[in-house]
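So the structure is just underneath, and the comments pick up after that.
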2 protein chains.
Amino acid sequence: MSLSTEPTGWQQSSETTPELEAYTLLRQVHSMLEMYNRYDLRGEDLTVPQFMILNYASRSGVPLSEISARMMCDNSNLTGIVDRLIAKGYVERRPDPNDRRVSLICLTEAGAEKLRNLRPRHHERLRKRMRSLSEHEVQQLRELLRSLYSGLLAPVEDDRNGHPADD
Amino acid sequence: MSLSTEPTGWQQSSETTPELEAYTLLRQVHSMLEMYNRYDLRGEDLTVPQFMILNYASRSGVPLSEISARMMCDNSNLTGIVDRLIAKGYVERRPDPNDRRVSLICLTEAGAEKLRNLRPRHHERLRKRMRSLSEHEVQQLRELLRSLYSGLLAPVEDDRNGHPADD
DNA sequence: TTGAAACTGTTTCATTTGAAACAATATTGA
DNA sequence: TCAATATTGTTTCAAATGAAACAGTTTCAA
């Protein structure tokens, strides 16, 4: 999709709530930032999820399921992405000597170097893109999201079946 | 992925900024709410993107590209999803008499009924899930996101190549 | 010790997504 | 008018995602 700064043609629906508006905006901001990240990584031989795995891996190795927990996705999602990172030479799989079920995701020297080069620029670009918020507003946003996130982790009372089963 | 309320094993990286923390939390909240939505729609014969299209369609018909603009995705993404909604009988394609390029996405009576039944429950669940924020905090969050979103729509000055080309 | 249960990662399958190329149609400016 | 340009939606391909089933391994309680 091409990014346009033109005013859009459609207007807000009348039947809405502050919660829905906040959620809609959250999705829009998420979508925009994702788009920017994709664009940045375009010339770097990396996709967004590939870069994310690189960020969570380490030279000494991190279990795949620790990475999937931090990325809030299923193990099965990562198998293929790791395969592609291996093909590109940025990570490798090593068996965990202490637990034969575990496979450790290790940054190669090339991967570590890529990350050293990319991460600071990545953070700086994010900082610049959020400049429409003041320092104080960024902290306010962070605290609101932190509080919302904690609330989401706890089951909703007064509403059985209000959340996925914890299997 | 199964949703767990257990404390996670990993800890915050030391090298971080308020902006990065806010963005990470935004991704986490987005991921949680997406997970809840998926779970809710599970028994409703719908996926999240299918439900989203249903919400943007109407009895009188909406051009596909208007829907893709609101969903911030490419037209090509919607072709397949609309096909599946047609197969389920919730939507149909009709040619626009005024512009033969356009195909209007129209809710069928079944689709409209589904929506009448689902939408209020959907909004109510969202409201409950955000109860960890006070009414005032929800509005605060909404305004911060609104402001951030506006800033993201405008190109970043002092940083050419700081945003995808507007082709 | 051993058998049931839990955990880890892979495989498989269907769906979604991103991007490019394309055909059909519309718009515009010379 | 008419040729260049833009828009709309589809097709195609690669990548990512969600969910279920699975094999190998570990844990734990009887």
Side-chain angles (χ1 to χ4, degrees), chain A residues 1-4 6 9 30-31 34-39 41-43 45-53 61-69 71-88 93-105 164-167, chain B residues 1-4 6 9 30-31 34-39 41-43 45-53 61-69 71-88 93-105 164-167:
Chain A
M1 182 198 188
S2 95
L3 189 60
S4 167
E6 312 278 307
H30 178 266
S31 178
E34 190 86 354
M35 215 179 301
Y36 279 122
N37 288 339
R38 213 160 38 233
Y39 173 79
L41 293 169
R42 202 65 188 285
D45 192 28
L46 285 175
T47 65
V48 171
Q50 283 167 18
F51 180 57
M52 221 181 284
I53 290 184
V62 177
L64 183 126
S65 41
E66 183 175 324
I67 298 180
S68 68
M71 289 176 63
M72 304 181 93
C73 73
D74 195 88
N75 284 345
S76 68
N77 299 139
L78 300 191
T79 304
I81 309 178
V82 167
D83 286 348
R84 269 158 236 131
L85 282 174
I86 290 173
K88 291 177 182 179
R93 269 188 260 252
R94 277 196 342 230
D96 182 340
N98 301 117
D99 186 337
R100 294 199 293 165
R101 291 171 303 181
V102 173
S103 116
L104 297 170
I105 310 301
D166 193 356
D167 29 72
Chain B
M1 183 198 186
S2 94
L3 188 60
S4 167
E6 313 277 306
H30 177 267
S31 178
E34 190 87 353
M35 214 179 301
Y36 279 122
N37 288 339
R38 216 163 33 237
Y39 173 79
L41 293 169
R42 201 69 186 284
D45 192 27
L46 286 175
T47 65
V48 171
Q50 284 166 16
F51 181 56
M52 222 181 283
I53 291 184
V62 177
L64 185 125
S65 43
E66 183 175 323
I67 298 181
S68 68
M71 288 176 65
M72 303 179 95
C73 72
D74 195 87
N75 284 345
S76 67
N77 299 140
L78 300 192
T79 302
I81 309 178
V82 168
D83 286 348
R84 269 159 234 129
L85 282 174
I86 290 174
K88 291 177 182 179
R93 269 188 261 253
R94 277 197 342 231
D96 182 339
N98 302 117
D99 187 338
R100 294 200 295 163
R101 291 171 303 181
V102 173
S103 115
L104 297 170
I105 311 301
D166 191 358
D167 28 77

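These figures come from a predicted structure and were not determined experimentally. Throughout, protein chains are lettered first and strands after them, A, B, ... in sequence-line order, and every chain is numbered starting at 1.
Toward the 5′ end of DNA chain D lies the nearest nucleotide of A:Arg84, the other residue of the pair B:Arg42 and A:Arg84 mapping further downstream.
Contacts of A:Arg100 classified as salt bridge (charged side-chain N to carboxylate O under 4.0 Å, His left out), with partners at least two apart in sequence or in another chain: none.
Across all strands, B:Ser65 comes closer than 4.0 Å only to sugar-phosphate atoms, never to a base (heavy-atom distances). B:Ile81 comes within contact range of the sugar-phosphate backbone alone, with a heavy-atom separation under 4.0 Å but no base atom that close.
Remark: C1' of C:dC13 and CG of A:Asp74 are 14 Å apart, rounded to the nearest angstrom. The distance from atom CG of B:Leu64 to atom P of D:dT10 is 6 Å, rounded to the nearest whole Å. Rounded to an integer number of Å, the gap from CE of A:Met35 to P of C:dG18 is 8 Å.
With pairs defined as Watson-Crick or G-U wobble and both atom distances under 3.5 Å, the stems of at least three pairs that touch DNA chain C come out as C:1-30 with D:1-30.
Under 4.0 angstrom from either OP1 or OP2 of C:dT10 there lies at least one side-chain N or O belonging to A:Thr79.
Residues from residues 45-52 of chain A lying near DNA chain C, meaning a heavy-atom separation below 4.0 Å, are absent.
Judged by distance alone, the side chains of B:Ser65 and B:Asn75 never bring a donor and an acceptor atom under 3.5 Å apart.
Taking only distance into account, the side chain of A:Arg100 never meets the base of D:dT25 through a donor-acceptor pair shorter than 3.5 Å.
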